[in-house]
Amino acid sequence: MRLLVQGELERPTGFHLATDVDLDLDGVAAVVGASGAGKSTFLRLIAGFEPRAPVTVEVGGNRWQAPAMGLPPYQRSVGTVFQDSRLFPHLDARGNLAFATRSRRPGTRLEFDEVVEFLDLEPLLEQYPHELSGGQRQRVALARTLLAPARLWLLDEPMSSLDPASKSEIAPYLHDLCRRHAMPIVYVSHSLPEVLAMADHVLVAADGQVSRVDSIGEFSTSFTNPLLADEAGAVIDCQFKSYDPRYRLSELVFGASSLFVPGDLSTTGERILLHIPARDVSLATSRVEDVSILNRVDGVIDALQEQGESVLARVRCGEDQFLLARVTRRSVDELHLGAGVRVQALIKSVAVRTGAP
Amino acid sequence: MTSIGADIAQAAGVTGLLALTTTLFLLVLSPPLAWWIARTASKWRPPVEALVALPLVLPPTVIGFYLLLAMAPDGPLGAIALAVAGAPLAFTFAGLVIGSIVYSLPFVTGPLASAFRTMDTHLLEAASSLGVGPAARFLRLVLPMHRKALVAAGVLGFAHTVGEFGIVLMIGGNIPGETRVLSIALFDRVEMLDYAGAHAIAALLLVFSLVVLTFTYRWLRQGVPG
């Protein structure tokens with residue numbers, strides 16, 4: 001389904017957002033960017049909450065908005081899950097869900113029983129929003145959106161207002177939902193690792209602009225990546241090679257290198273995305289063999305960037321594959337690290353993000 | 001002359017019926033009007049709001065006077081009534097209902113508009129994102145969420161109509177069983193120097209108002225959200 005959002009939005013407050021997105025959305029498009037970069041505004045444009053913005057919005061061949069027109073949200077077949085669950089306080093969970101099931105706009109919807117089962121809502125149906133925990137509220141809100149007819153779902157940082165416990169409670173549901181691909185999804189997040197697991201496309205909001213990123217790997221390790229400061233880490237695009245049942249390790253390859261990760265990944269698909277946090281990568285200038293770290297990757301330092309106390313090193317270890325390593329300034333001086341220096345990257349941990357098709 | 005008891009009972013019946021009818025009309029008219037006042041960005045909001053609030057500041061006799069002119073057989077409202085129902089409005093129960101609606105309008109619309117103004121607009125966005133249009137949003141979200149404010153506004157409108165005097169005197173006159181309400185009956189008793197009868201009516205109105213308001217305020221403070 002084609003998703004087109006093109007135009008510029010200007011607010012009296014000085015806020016400016018240019019969007020140039022035209023993609024064939026057949027899965028999950030993640031929109032990442034720092035707070036205030038315009039991610040939520042981008043979603044509001046699609047949802048219809050900025051009907052007077054001179055922006056063209058087309059979904060699946062239907063024009064929802066153009067400089068001289070704008071359909072109100074209830075006439076767009078799009079369901080939105082908000083950061084704050086926005087449940088109706090005077091209705092119990094069942095009443096909140098009933099609100100959606102009575103909607104008559106065009107689009108497909110999931111069955112009530114199916115959604116209640118999927119989100120384990122049965123025990124919560126008679127409870128009022130103020131009786132629910134943050135995670136439970138968000139589950140009800142998610143269910144409410146799934147029950148309304150839609151052709152596209154928008155998730156606006158659905159986990160950002162939750163505490164860690166609630167986050168880990170709802171994350172599997174979101175993951176399941178996205179992987180099932182019941183509907184195209186635009187998923188906004190300020191955390192690349194959070195959405196990487198589900199994303200088929202990545203859009204970036206930065207410097208007042210929303211645009212598409214072609215290579216997640218290159219984007220994740222680029223020094224201009226707006227997310228780098230928070231949680232620097234490289235995304236590596238791998239292929240499954242083999243599984244060793246004796247040690248329960250899967251071997252994944254990218255370029256000329258291999259990585260070993262725990263668990264049998266033979267069934268997760270051919271392409272696997274790995275997220276490797278920069279803080280878990282050390283650099284050695286000579287080959288290290290007798291060390292417990294399994295994952296050692298050869299590469300060449302591409303660039304260094306000082307970040308406060310530490311230095312972020314970008315290591316090229318394949319055609320267009322990069323790793324990020326966080327090292328101390330002292331190490332940079334003692335090992336004479338610099339662009340062009342051959343290094344071995346020692347990777348302590350690898351988070352597996354089952355990848356896009 | 002009828003007995004005091006029968007006279008009071010009859011006047012109380014007219015008063016109750018008038019207040020009930022007026023309140024029902026107001027509960028249909030006021031919520032959309034209050035919603036519009038609370039939400040619109042139209043340049044017409046201030047004059048409309050002022051028009052609704054007029055009975056708060058004008059002597060009831062002023063409004064009663066203009067309504068009397070309008071309801072006369074050659075007045076605009078009277079002419080319509082003549083054409084439709086074959087009878088004029090002035091000095092009828094129907095005329096009294098119209099006058100009471102105008103007079104009690106700010107007491108129902110005002111509190112509702114204040115309540116609507118504080119509503120979290122994010123919830124409206126959420127409803128809209130579920131495919132619910134403006135009319136259904138109003139009926140299924142706004143009204144149920146404000147059921148307390150609606151009841152409070154209704155009670156206030158009812159109690160205020162029960163206590164009305166000036167407008168009734170101007171457009172209703174004093175026809176027993178038709179337009180003679182308690183406040184008029186009280187005035188009559190005083191003019192006749194029947195202070196015992198006046199006491200009975202005055203005490204009835206006082207106790208009624210006090211009890212109704214007490215129960216309303218107590219109910220408003222109780223748990224139920226909305």
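Quantities reported herein were computed from a predicted structural model and do not represent experimental measurements. Basis for what follows: all heavy atoms, side chains included, without hydrogens, waters or symmetry-related copies. Chain identifiers are assigned alphabetically (A, B, ...) following the order of the sequence lines, protein sequences preceding nucleic acid strands; residue numbering begins at 1 within each chain.
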Engineer: Please classify the contact of A:Arg109 with chain B as side chain, backbone, both or neither, using a heavy-atom distance under 4.5 Å.
Structural biologist: neither
Engineer: If you count the non-hydrogen atoms of other residues, nucleotides and ligands that lie under 6.0 Å from CZ in B:Phe91, is the total more than 12?
Structural biologist: yes
Engineer: Quick one: does B:Ser129's side chain get under 4.5 Å of A:Val81's, heavy atoms only?
Structural biologist: no
Engineer: Tell me, for A:Arg76 versus chain B, whether the close heavy atoms (under 4.5 Å) come from the side chain, the backbone, both or neither.
Structural biologist: neither
Engineer: How about B:Phe65: does its CZ atom have over 12 heavy atoms from other parts shown lying under 6.0 Å from it?
Structural biologist: no
Engineer: Please look at A:Phe99 and chain B and tell me whether the side chain, the backbone, both or neither of the residue comes under 4.5 angstrom of a heavy atom of that chain.
Structural biologist: both
Engineer: Are the side chain of A:Ser103 and the backbone of B:Leu130 linked by a donor-acceptor contact shorter than 3.5 Å?
Structural biologist: yes
Engineer: Give, as side chain, backbone, both or neither, the part of B:Ala127 having an atom under 4.5 angstrom from any heavy atom of chain A.
Structural biologist: both
Engineer: For A:Glu131, does the CD atom sit with more than 12 other heavy atoms under 6.0 Å from it, leaving out its own atoms?
Structural biologist: yes
Engineer: With a sphere of 6.0 Å drawn around OH of B:Tyr217, does it hold more than 12 non-hydrogen atoms of other residues, nucleotides or ligands?
Structural biologist: no
Engineer: Measuring only between side-chain heavy atoms, which start at C-beta, is A:Tyr74 closer than 4.5 Å to B:Pro134?
Structural biologist: yes
Engineer: Considering residues, nucleotides and ligands other than B:Phe25, do more than 12 of their heavy atoms fall under 6.0 Å from its CZ?
Structural biologist: no
Engineer: Would you say that A:His90 contacts B:His146 through its side chain, given a criterion of any heavy-atom pair below 4.5 Å between the two side chains?
Structural biologist: no
Engineer: Other residues, nucleotides and ligands only: do more than 12 of their heavy atoms fall within 6.0 Å of CZ on A:Arg102?
Structural biologist: no
Engineer: Is it true that atom CD of B:Glu178 has more than 12 heavy atoms of other residues, nucleotides or ligands lying nearer than 6.0 Å?
Structural biologist: yes
Engineer: At what distance, to the nearest 0.5 angstrom, does CD of B:Glu125 lie from CZ of A:Phe49?
Structural biologist: 4.5 Å
Engineer: Which atoms form the tightest heavy-atom contact between B:Arg140 and A:Ala98, and what is the distance?
Structural biologist: NH2-O, 3.8 Å
Engineer: Using non-hydrogen atoms and a 4.5 Å limit, figure out which bit of A:Leu87 sits close to chain B: side chain, backbone, both or neither.
Structural biologist: backbone
Engineer: Show the nearest heavy-atom pair for residues A:Arg105 and B:Gly131, with the distance to one decimal.
Structural biologist: NH1-N, 3.1 Å
